[in-house]
Structure formats: C-alpha cells, structure tokens
Amino acid sequence: MTVDRRAEILAAARLLFLRKGYAATSIADIAAAVGASKATVFYHFGTKETIAAELLEAPFTAVTQLIERARTRQLSPAEILSDYIDGAAETGAVFVAFAIDPSTAGLIPQHDVDAACRRIIELLAGPDPTPADRIRARAAFAAAQTVVPALQEHQGLLDDGAREEIRAAALRALNADPSP
C-alpha cells in the first residue's frame with residue numbers, strides 16, 4: 001500500500017507540475033488530487049522539493065538503466081532506440097517543464113549527460129564500428145532526442161503515433177530494421 005500511495009502521489013504531482021507549473025502547485029493540491037491529507041503527502045516525501053527531486057531524477061535513472069540493460073542483455077540498436085524514446089517520453093516531460101522554468105533551476109540534478117549520450121551512441125554503433133557506423137549512430141540518437149521538443153510542443157505528452165514517428169526516423173537514420 002505504501003509503494004502504491006507513493007506512486008499515486010508522484011503521478012499526481014507530475015500531472016499538476018505539468019499543468020500548473022511547479023510554483024503554482026501546492027502540497028494541498030497534490031493531496032487533493034490523490035484523495036489524501038497533506039500529512040500523508042508529507043509522510044511519504046517530506047517536502048514538495050523532495051517530490052520534484054524524485055521526478056527529476058527519473059530520466060537519468062532510466063538512461064542509466066537502459067545503458068546497463070543494453071550492455072548486459074546485448075539489446076539490438078532498434079531495442080535501444082525504442083527503449084530510449086519510450087523512457088524519454090515517459091520521464092522527460094517533467095524535466096522539460098522544469099528546464100524552461102527559471103524558478104526551478106536549482107532543483108534540476110546535475111549529471112554527466114554527455115557521457116551517457118556518448119555511451120548510447122557507442123552501443124548503437126556496435127562493436128568495432130566504422131566511421132560510417134558512428135555517423136549513423138549519432139544521427140539515429142539525434143533523431144531519438146527529438147522526443148524533447150515534441151514533448152514541449154505537446155504539453156508534456158506524446159501519443160503512440162508520435163513515438164512511432166520518432167522511432168521510425170531514428171531507425172531510418174541508423175539504417176536498421178524498423179522492428180524492435
């Protein structure tokens with residue numbers, strides 16, 4: 001029950017932060033959205049900043065987990081791109097909303113995003129890549145990263161059709177079989 005309640009609170013906060021913005025969302029708003037008391041929200045998270053921190057950490061955690069899965073399970077490039085796009089579409093909306101809100105700049109965690117991106121590109125290029133393989137891998141990853149502006153254009157939500165378009169463009173750039 002505790003894990004479910006935590007997840008409910010996070011989901012409600014995510015939607016409220018996307019709809020109203022971080023500053024305009026109160027703990028009372030979050031509590032009301034899940035049919036709980038403010039004390040319940042405070043019990044699970046302590047502060048609104050703690051909720052934001054957990055939501056903002058999710059994209060980085062998802063990328064780290066993807067890199068580990070790709071490495072240990074030897075995912076295909078199509079699977080890597082598909083997982084990246086879906087993960088970014090699910091977790092990236094809050095990050096995008098916070099990144100464009102100057103009042104939340106101090107809440108965004110600092111990670112070596114460039115290193116993670118380089119690692120994904122290496123995985124996409126495959127073992128012993130040629131210069132052409134590296135170029136296609138970079139192009140495919142750049143196409144996959146269009147999730148971010150697409151999220152901005154669609155108020156933080158991407159439907160399956162938009163995800164599929166991004167996935168298809170990334171796979172075309174990689175010159176890979178489009179089936180994940």
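None of the values given here were measured: they were computed from a predicted structure.
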Name each donor-acceptor pair under 3.5 Å that joins a side chain in residues 63-71 to protein atoms two or more places apart or in another chain, with its distance.
| residue | atom | partner | partner atom | Å |
| --- | --- | --- | --- | --- |
| Thr64 | OG1 | Phe60 | O | 2.9 |
| Glu68 | OE1 | Arg71 | NE | 3.4 |
| Glu68 | OE1 | Arg71 | NH2 | 3.2 |
| Glu68 | OE2 | Arg71 | NH2 | 2.6 |
| Arg69 | NH2 | Asp83 | OD2 | 3.1 |

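More than 12 heavy atoms of other residues, nucleotides or ligands sit less than 6.0 Å from atom NZ of Lys20. Around atom CD of Gln145, more than 12 heavy atoms belonging to other residues, nucleotides or ligands sit under 6.0 Å away. The number of heavy-atom neighbours closer than 6.0 Å to CG of Asp159, taken from other residues, nucleotides and ligands shown, is above 12.
The side-chain heavy atoms of Val34 and Thr40, taken from C-beta on, include no pair separated by under 4.5 Å.
The line from NE2 of His44 to OG1 of Thr50 is 13.5 Å long, rounded to the nearest 0.5 Å. To the nearest 0.5 angstrom, Ile9 atom CD1 is 12.0 Å from Leu16 atom CG. Atom-to-atom distance recorded for Asp29:CG and Leu15:CG is 12.5 Å, nearest 0.5 angstrom. In this structure, CD1 on Ile80 lies 11.0 Å from CZ on Arg73, to the nearest 0.5 angstrom. Atom CD1 of Ile166 sits about 4.0 Å away from atom OG1 of Thr146, to the nearest 0.5 Å. Between atom CZ of residue Arg163 and atom CG of residue Asp86 there is a gap of 5.0 Å, rounded to the nearest 0.5 Å.
Taking each heavy atom of Ala13 and Ile30 in turn, the nearest pair found is CB-CD1, 3.9 Å. Nearest heavy-atom pair, Gly35 versus Arg5, reported as atom, atom and distance to 0.1 Å: O-NH2, 3.9 Å. Residue Ala170 comes nearest to Ala140 through the heavy atom pair O-CB, 3.3 Å, listed as atom of the first residue, atom of the second, then distance. Here the closest heavy-atom approach between residue Pro129 and residue Arg134 is recorded as O-NH1, 3.4 Å. The shortest heavy-atom contact between Ala12 and Ala33 is CB-CB, 3.8 Å. In this structure, Ala89 and Val147 approach most closely via the heavy-atom pair N-CG1, 3.7 Å.
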- Message: Set out, in order, the CA-CA distance, both residues' side-chain angles and the distance that settles side-chain contact (heavy atoms from CB on, under 4.5 Å) for Ile51 and Val41, then state yes or no.
- Response: CA-CA 9 Å; Ile51 296 170; Val41 176; 3.9 Å; yes
- Message: The test is side-chain contact (heavy atoms from CB on, under 4.5 Å); show your working for Leu123 and Leu75 and say whether it passes.
- Response: CA-CA 9 Å; Leu123 290 164; Leu75 299 178; over 6 Å; no
- Take Arg138 and Ile135 through the test side-chain contact (heavy atoms from CB on, under 4.5 Å) and record every step on the way to the result. CA-CA 5 Å; Arg138 282 187 202 98; Ile135 290 168; 4.2 Å; yes
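Ion pair Arg6/Glu54 flagged as a salt bridge, since at least one NZ, NE, NH1 or NH2 atom sits closer than 4.0 Å to an Asp/Glu carboxylate oxygen.
Shown here are the ring-ring contact (aromatic ring centres under 6.0 Å, His included) partners of Phe17, two or more places apart in sequence or in another chain: Tyr22, Phe98.
With Pro77 as the partner, the side-chain contact (heavy atoms from CB on, under 4.5 Å) test is satisfied by one option alone out of Asn175, Leu174, Leu171: Leu174.
For the ring pair (Phe, Tyr, Trp, His ring centres under 6.0 Å) condition, the pairs that include at least one residue of residues 114-147, sequence neighbours left out, are Tyr84-Phe141.
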